Protein chains: 2
Amino acid sequence: MKNKITLKELSKLLNVSVSTVSKALNDSPEISQKTVERVKELAALHNYRPNPVAVNLKSSRSGTIGVIIPNIANVFFAKVLSGIEAKAQEEGLQVITYISNESYDREVQIIDHLTSGFVDGVLLSIAEETQRKRAFDHIYHLIDYDIPVVLYDRINYDMPVDKVGVDDAESFKKVTTKLIKKGVKKIGVVSTILHLVNGKERIRGYQEALLPSMKEHIAASTRREFLDEKIHEILIDDKVEAVLCCDTESTMRVYRYAYEHNIRIPEDLKVVGFLNEEITSFLTPSISYIEQNPRKIGKGAMKLLGKRLKGEAELNKTTEKIIKTKLVNLESTTFDSEH
Amino acid sequence: MKNKITLKELSKLLNVSVSTVSKALNDSPEISQKTVERVKELAALHNYRPNPVAVNLKSSRSGTIGVIIPNIANVFFAKVLSGIEAKAQEEGLQVITYISNESYDREVQIIDHLTSGFVDGVLLSIAEETQRKRAFDHIYHLIDYDIPVVLYDRINYDMPVDKVGVDDAESFKKVTTKLIKKGVKKIGVVSTILHLVNGKERIRGYQEALLPSMKEHIAASTRREFLDEKIHEILIDDKVEAVLCCDTESTMRVYRYAYEHNIRIPEDLKVVGFLNEEITSFLTPSISYIEQNPRKIGKGAMKLLGKRLKGEAELNKTTEKIIKTKLVNLESTTFDSEH
DNA sequence: CTGAAAGCGCTTACAG
DNA sequence: CTGAAAGCGCTTACAG
């Protein structure tokens, strides 16, 4: 079974030309029914598969797309990837995975590599460091190369590409409004991702929903020791009754802070987290959380890219798709169910 | 910037032959220093990159490896992937990701696809359903195709391939022994993965470590309602003092069960989980857990595959690499630190 | 209906 | 030191 059989070998066995074999296998109307059958039978017998590399060289497409993931250990991105993979599967495309590890340098390196023509298109979620630096030249470079790019999740940039993301601002606005309607007077926000677009957007949503009479309570820092201090300020000094967490890390810190200081959830403090189902199911007591539907984001991004690759998308127009989040209500919170 | 420049175009601009340009770029000693410089300069100017597809066709290698992941939303596998990706990066290989979703059919389909020559080698962790069915023909098929395969994590199969895994039995044996030395008399095990090799191995390690005088307390089921019943039996009826959990799901069930029945951890019950750091850090109180070092597993698997691909491995001999686990001790357990 | 020829973009023995 | 030629495995206009 060592060597894969080629068209040439098949043609020799069949005593016809390579062209004929190729056409027969591709159901060309040029070839007689009889020949087609003969060829296909032998091909099946030898388990013939066209060499994808050769096919790609002819068609000058690689049949693969590149996915750049900032952090694969984050279940959110892992699920996005699984959505991408599922959709790519449907479209007959391969997925080449690149992990930027939130590093600018690595992202530049990956993108540089991608301009060699390894892939027909790219799905990108911009690394944290890149966002901090606001250095996007490498991404524009990719676009200049006419490699279709779709941004996913971290999207609020003014780039001429398709985008798929989440209604960050809207989700926080809705939750805040809901809490206000419940009669909650002091609402706070905790974040370790203030420098990311998504983090900024979420806070904006919160701010927009606050009533003019209400004070903002924002505890934000990327450094754990400072964050705990700030959490102390809003939980102990300001005595907020509810807190919205912008990310997994801040949810965890609030949760642990409450545990260590005997603050009961949800009696003393209502907590809404931005995290995934798996972790929430571990928490005792459970909290409410905003479900982002990462698989859908992945599928949506791959779908847009697929359209670009097939030329079904308009050339000078980009699409922005927003996947709605859902507030999930758990046992020990006081929200009504949402369906 | 639309069209990538090719060797042919470069050669025209330089008034030399395509061969000369190719050799110059590859630092062939055949070419004069002057020409090499001239060629490289222009190539750099035009940002020339060899078309990887064409290079692959010549070398009849694809330069990519395929990774089959049973479940990417499991952080364990996500981290394995990140280890694989890092090592592949070092070796200049691309990683094509396939997600089997623990499905036998999907795994068969992926492997069938892989025999077309998309990849030079495969890293595989066998899907749950495949293990249940004990149907491995498709994997042998891949091996017959002379595509190097390395099994990772789920490895205890008698296949003639390289393997990288964890010391499942050993890890449970060690923990059990440790507990016994601490004076714990009744030790139980909870598992939802009894049908997986890893699950079996862990239980075997536990059984081996038990003293002849001690009774086994095993709560195992893949169905949640049955599992809760069995957890009840060992926690309430048998009153075990410590419980080893074989997987994330069973850890979570035990944890929640204890919470709901006011069983204090670790005063009433010591819990050792098989889960990842992220989740553990969420638990209040925290528990001890066995750290498997998934990134190292990924790197190790990729390293073995790399050796096969470079022909550095002996042909009729396979390597099995075991990555040691580590027991991690957290605040509220009574283990000594281990370093 | 079938086949010879050119070509996708490269590399590499071989000749000069 | 340089270049023409063959070839990796395929597809597809073109000729017969």
Side-chain angles (χ1 to χ4, degrees), chain A residues 2-40 42-43 46-64 92 94 115-120 145 147, chain B residues 2-40 42-43 46-64 92 94 115-120 145 147:
Chain A
K2 177 99 189 173
N3 291 308
K4 298 197 56 198
I5 194 164
T6 64
L7 271 195
K8 202 202 259 181
E9 286 157 353
L10 276 182
S11 76
K12 218 167 262 168
L13 290 172
L14 288 160
N15 267 320
V16 292
S17 73
V18 171
S19 339
T20 304
V21 178
S22 172
K23 287 174 191 164
L25 289 172
N26 290 309
D27 285 313
S28 159
E30 287 182 42
I31 306 297
S32 75
Q33 191 53 36
K34 215 175 63 193
T35 308
V36 169
E37 276 167 26
R38 233 164 53 89
V39 169
K40 285 197 169 173
L42 194 75
H46 288 273
N47 203 7
Y48 169 78
R49 305 297 187 76
N51 179 330
V53 176
V55 175
N56 288 338
L57 183 59
K58 276 305 290 184
S59 63
S60 65
R61 299 195 324 114
S62 70
T64 66
Q94 309 300 307
T115 58
S116 308
F118 275 104
V119 299
D120 300 333
Y145 256 90
I147 296 177
Chain B
K2 177 99 189 174
N3 291 307
K4 296 197 56 198
I5 195 163
T6 65
L7 272 195
K8 202 203 259 180
E9 286 156 355
L10 277 181
S11 76
K12 217 167 264 167
L13 291 172
L14 289 159
N15 266 322
V16 292
S17 73
V18 172
S19 338
T20 302
V21 178
S22 171
K23 287 174 189 162
L25 290 173
N26 291 307
D27 284 313
S28 161
E30 286 183 42
I31 306 295
S32 74
Q33 192 52 37
K34 213 177 63 194
T35 310
V36 169
E37 275 166 26
R38 231 165 53 90
V39 170
K40 285 197 170 175
L42 193 75
H46 288 273
N47 203 8
Y48 169 78
R49 304 297 188 76
N51 179 330
V53 176
V55 175
N56 288 339
L57 183 59
K58 276 305 289 182
S59 63
S60 65
R61 299 193 327 111
S62 70
T64 66
Q94 309 300 309
T115 58
S116 309
F118 274 104
V119 299
D120 300 334
Y145 257 91
I147 297 177

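Below, chain A is the first sequence line, B the second, and so on; all start at residue 1. Predicted model, so just to flag it, every value in this text is computed and none were measured.
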Within residues 50-59 of chain A, residues whose heavy atoms come under 4.0 Å of DNA chain C: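 Of all residues in residues 50-59 of chain A, the ones placing a heavy atom under 4.0 Å from DNA chain C are A/Leu57, A/Lys58.
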
Check: [Y] and [X] side chains under 4.5 Å, non-hydrogen atoms:
X	Y	result
B/Leu7	B/Tyr48	yes
A/Val39	A/Ile31	no
A/Asn47	A/Arg49	yes
B/Asn51	B/Thr6	no
A/Ser62	A/Thr64	yes

For [X] versus [Y], what's the shortest heavy-atom pair and its separation?
X	Y	answer
B/Ile147	B/Asp120	CG2-O, 4.0 Å
A/Glu9	A/Lys4	OE1-O, 3.8 Å
A/Gly63	A/Asn56	N-OD1, 4.2 Å
A/Ser17	A/Thr20	OG-OG1, 2.9 Å
B/Arg38	B/Leu14	NH2-O, 2.9 Å
B/Pro52	A/Ser116	CD-O, 3.0 Å

Integer angstrom distance from the P of C/dC1 to that of D/dC10: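 It comes out at 25 Å once rounded to the nearest Å.
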
Span that lies between the P atom of D/dT2 and that of C/dG9, in whole angstrom: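 The same atom, P, in both gives a distance of 25 Å.
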
Sorted by number, the residues of residues 11-20 of chain A with heavy-atom contact under 4.0 Å to DNA chain D: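 Going residue by residue through residues 11-20 of chain A, the ones with a heavy atom under 4.0 Å of DNA chain D turn out to be A/Val18, A/Ser19.
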
Value in whole Å for how far the [atom2] atom of [N] lies from [atom1] of [X]:
X	N	atom1	atom2	result
B/Ile5	C/dG9	CD1	C1'	13 Å
B/Lys8	C/dG7	NZ	P	7 Å
B/Arg61	D/dG9	CZ	P	15 Å
B/Lys4	C/dC8	NZ	P	15 Å
B/Arg49	C/dC10	CZ	C1'	16 Å
B/Asp27	C/dT11	CG	P	12 Å
B/Leu7	D/dA4	CG	C1'	15 Å
A/Leu10	D/dC10	CG	C1'	12 Å

C/dC10 OP1/OP2 closer than 4.0 Å to side-chain N/O of B/Tyr48: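 Yes, such a contact exists.
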
Presence of A/Ser60 side-chain N/O under 4.0 Å of C/dC8 phosphate oxygens OP1/OP2: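 No, A/Ser60 has no side-chain N/O under 4.0 Å of OP1/OP2 on C/dC8.
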
Under 3.5 Å: donor-acceptor pair, side chain of A/Ser59, backbone of A/Val55: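 Confirmed, A/Ser59 side chain pairs with A/Val55 backbone.
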
Of A/Thr6 and B/Lys23, the one whose closest DNA chain D nucleotide lies more 5':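 Residue closer to the 5' terminus by nearest nucleotide: B/Lys23.
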
Touch class at under 4.0 angstrom, heavy-atom based, for A/Ser28 against every strand present: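 No contact.
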
Watson-Crick or G-U stems involving DNA chain D, each at least 3 pairs long, distances under 3.5 Å, ordered by first number: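 Expected stems, ordered by start: C:1-3 with D:14-16, C:5-12 with D:5-12, C:14-16 with D:1-3.
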
Nearest to side-chain heavy atoms of B/Glu30, which nucleotide of C/dT2, D/dG3, C/dT11: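 Nearest to the side-chain atoms of B/Glu30, counting from C-beta on, is D/dG3.
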
